[in-house]
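Just so we're clear, the structure is a prediction, and the values are computed from it rather than from any experiment.
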Amino acid sequence: MEPAAPLFRQLFESESCTYTYLLADPDTREAVLIDPVLETVDRDLQLIQQLGLNLTVALNTHCHADHITGTGLLKKKVFGLKSGISKHSGAAADIQLSDGDSITFGKHCLMVRETPGHTDGCVTYVTGDQRMAFTGDALLIRGCGRTDFQQGSPHRLYESVHQKIFSLPGHCFIYPAHDYKGQTMSTVDEEKKFNPRLTKTVEEFVKIMDNLNLPKPKKIDISVPANLVCGLHDI
């Protein structure tokens with residue numbers, strides 16, 4: 001028999017429009033948290049306690065520029081908690097992740113797919129049954145992460161999304177790190193059909209990304225140094 005579907009919660013931080021994802025094995029109660037935010041650590045821990053879960057791993061999809069990760073504070077509050085991030089991110093963590101690695105929680109797992117382009121250290125976490133993909137800033141709902149700072153490369157991002165995310169089953173749900181329009185999820189098929197940037201040719205995509213002219217993230221000068229040390233800058 002297949003294991004029961006993982007317990008799943010999608011949480012939101014309004015200032016940076018960041019999604020944090022909680023997944024847990026309903027039998028063993030082992031849980032993982034993806035992209036925690038410093039300001040919402042207490043909220044997340046209260047939910048974890050209410051649900052009777054044992055948080056074992058806190059993961060980041062990349063070294064964020066728009067908020068400080070909650071990973072470091074979580075490690076101070078949860079005994080034995082491990083942190084994880086891509087080995088290409090340059091950031092401190094207990095687990096330095098590479099393509100093909102897996103993070104297990106009970107009978108479930110998250111597989112690591114390296115999806116650089118927004119940053120060198122971007123990864124997508126895919127559930128073992130390939131029904132859910134947590135894409136960070138690589139693939140957003142009808143959009144994608146910017147490529148004009150932090151080792152950004154539109155060519156690499158286009159290749160990452162098409163090879164590592166669009167190769168997943170069409171029904172696979174896409175859960176991004178952010179959404180600014182109130183949308184919560186998408187699917188691989190939807191993005192392959194409707195994403196206004198990634199349905200273009202690579203040349204058209206590069207031209208779009210090179211001409212976005214976006215303002216600098218408000219918190220980048222604080223967030224990036226803090227996130228390189230697991231958010232433990234002054235805690």
Side-chain angles (χ1 to χ4, degrees), residues 5-6 8 10 17-23 32-35 57 59-66 84-89 97-103 108-181 183-210 212:
F8 173 65
Q10 182 180 43
C17 297
T18 298
Y19 286 123
T20 297
Y21 299 100
L22 174 66
L23 295 105
V32 299
L33 200 61
I34 299 172
D35 285 337
V57 184
L59 301 168
N60 281 292
T61 52
H62 63 293
C63 184
H64 302 274
D66 56 358
I85 199 167
S86 167
K87 70 176 185 179
H88 302 297
S89 68
L97 296 162
S98 299
D99 198 73
D101 286 349
S102 65
I103 300 292
H108 298 277
C109 71
L110 290 169
M111 302 299 298
V112 176
R113 292 191 176 204
E114 292 179 352
T115 47
H118 172 62
T119 73
D120 279 350
C122 284
V123 298
T124 292
Y125 298 109
V126 183
T127 55
D129 57 12
Q130 296 194 346
R131 291 178 182 175
M132 307 167 83
F134 302 91
T135 55
D137 284 18
L139 179 63
L140 305 176
I141 298 171
R142 310 295 192 266
C144 63
R146 60 196 292 179
T147 57
D148 58 337
F149 62 82
Q150 271 188 294
Q151 318 96 35
S153 165
H155 286 93
R156 290 188 81 193
L157 182 58
Y158 188 91
E159 181 179 277
S160 292
V161 172
H162 280 264
Q163 292 185 3
K164 298 295 185 69
I165 300 175
F166 283 177
S167 59
L168 290 164
H171 62 264
C172 178
F173 290 116
I174 298 296
Y175 292 100
H178 303 280
D179 188 77
Y180 307 98
K181 298 179 180 178
Q183 301 179 100
T184 57
M185 56 186 280
S186 184
T187 67
V188 169
D189 272 348
E190 275 186 48
E191 295 309 311
K192 286 169 75 171
K193 187 175 182 181
F194 299 119
N195 192 295
R197 297 176 184 176
L198 288 151
T199 49
K200 301 288 196 290
T201 66
V202 64
E203 292 80 14
E204 291 170 323
F205 177 76
V206 170
K207 187 175 181 181
I208 291 169
M209 299 306 291
D210 284 347
L212 291 179

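Proximity of the aromatic rings of Tyr175 and Phe8 is defined here by a centroid distance below 6.0 angstrom, and this criterion is met.
Among the candidates Thr147, Thr119, Asp120, the single residue satisfying the side chain to side chain donor-acceptor pair (under 3.5 Å) test with Arg156 is Asp120.
The closest donor-acceptor contact from the side chain of Ser89 to the backbone of Ile85 lies at 3.5 Å or more, if one exists at all. Remark: side-chain polar atoms of Gln10 are not paired, donor with acceptor, to backbone N or O of Thr20 under 3.5 angstrom. Formation of a donor-acceptor pair under 3.5 Å by the Glu114 side chain with backbone atoms of Val123 is not found in this model. Listed for the Glu191 side chain is a donor-acceptor partner under 3.5 Å among the backbone atoms of Arg142. Using a distance-only test at 3.5 Å, with no hydrogens or angles considered, no donor-acceptor pair links the side chain of Asn60 to the main chain of Cys63. Without hydrogens or angle criteria, Asp179 side chain to Gln183 main chain gives a donor-acceptor distance under 3.5 Å. A donor-acceptor pair is defined here as one N or O able to donate and one able to accept, closer than 3.5 Å; no such pair exists between the side chain of Lys207 and the backbone of Glu203. Using a distance-only test at 3.5 Å, with no hydrogens or angles considered, a donor-acceptor pair links the side chain of Thr135 to the main chain of Leu139.
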Evaluate the salt bridge (charged side-chain N to carboxylate O under 4.0 Å, His left out) criterion for residues Lys164 and Asp99: first the C-alpha distance (whole Å), next the side-chain angles of each, then the deciding distance (0.1 Å), finally the verdict. CA-CA 10 Å; Lys164 298 295 185 69; Asp99 198 73; 3.1 Å; yes
Determine, stepwise, if the pair Thr115 / Thr124 fulfils side-chain hydrogen bond (donor to acceptor under 3.5 Å, both in side chains). CA-CA 6 Å; Thr115 47; Thr124 292; 3.2 Å; yes
I'd like to know whether His62 forms a side-chain hydrogen bond (donor to acceptor under 3.5 Å, both in side chains) with Asp35, so could you lay out the CA-CA distance, the side-chain angles of the two residues, the decisive distance to 0.1 Å, and finally the verdict. CA-CA 8 Å; His62 63 293; Asp35 285 337; 5.3 Å; no
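Using cut-offs of 30° and 60° on the angle between ring planes, the pair His118 and Phe149 is perpendicular. Relative ring orientation between Phe166 and His162 is described as perpendicular, the plane-to-plane angle rising above 60° on a 0-90° scale split at 30° and 60°.
Note that CG of Asp210 and CG of Asp148 are 9.0 Å apart. Values are rounded to the nearest 0.5 Å. Note that OG1 of Thr184 and CZ of Phe173 are 10.0 Å apart. Values are rounded to the nearest 0.5 Å. Interatomic distance, CG of Leu157 versus CG of Leu198, reported as 6.5 Å (0.5 Å rounding). The distance from atom NE2 of His64 to atom SG of Cys122, rounded to the nearest 0.5 Å, is 8.5 Å. If you take OG1 on Thr18 and CG on Asp137, they are separated by 8.0 Å, rounding to the nearest 0.5 Å. Atom-to-atom distance recorded for Tyr125:OH and Ile34:CD1 is 7.0 Å, nearest 0.5 angstrom.
Comment: Glu204 does not engage Arg197 in a salt bridge, judged by the lack of any side-chain N to carboxylate O separation of less than 4.0 angstrom.
Nearest heavy atom pair, residue Thr187 against residue Gly170, reads CB-O, 3.7 Å. Residues Gly136 and Thr61 come closest through the heavy atom pair CA-OG1, 3.4 Å. Scanning both residues, Ala133 and Leu168, for their nearest heavy atoms gives CB-CD1, 3.9 Å.
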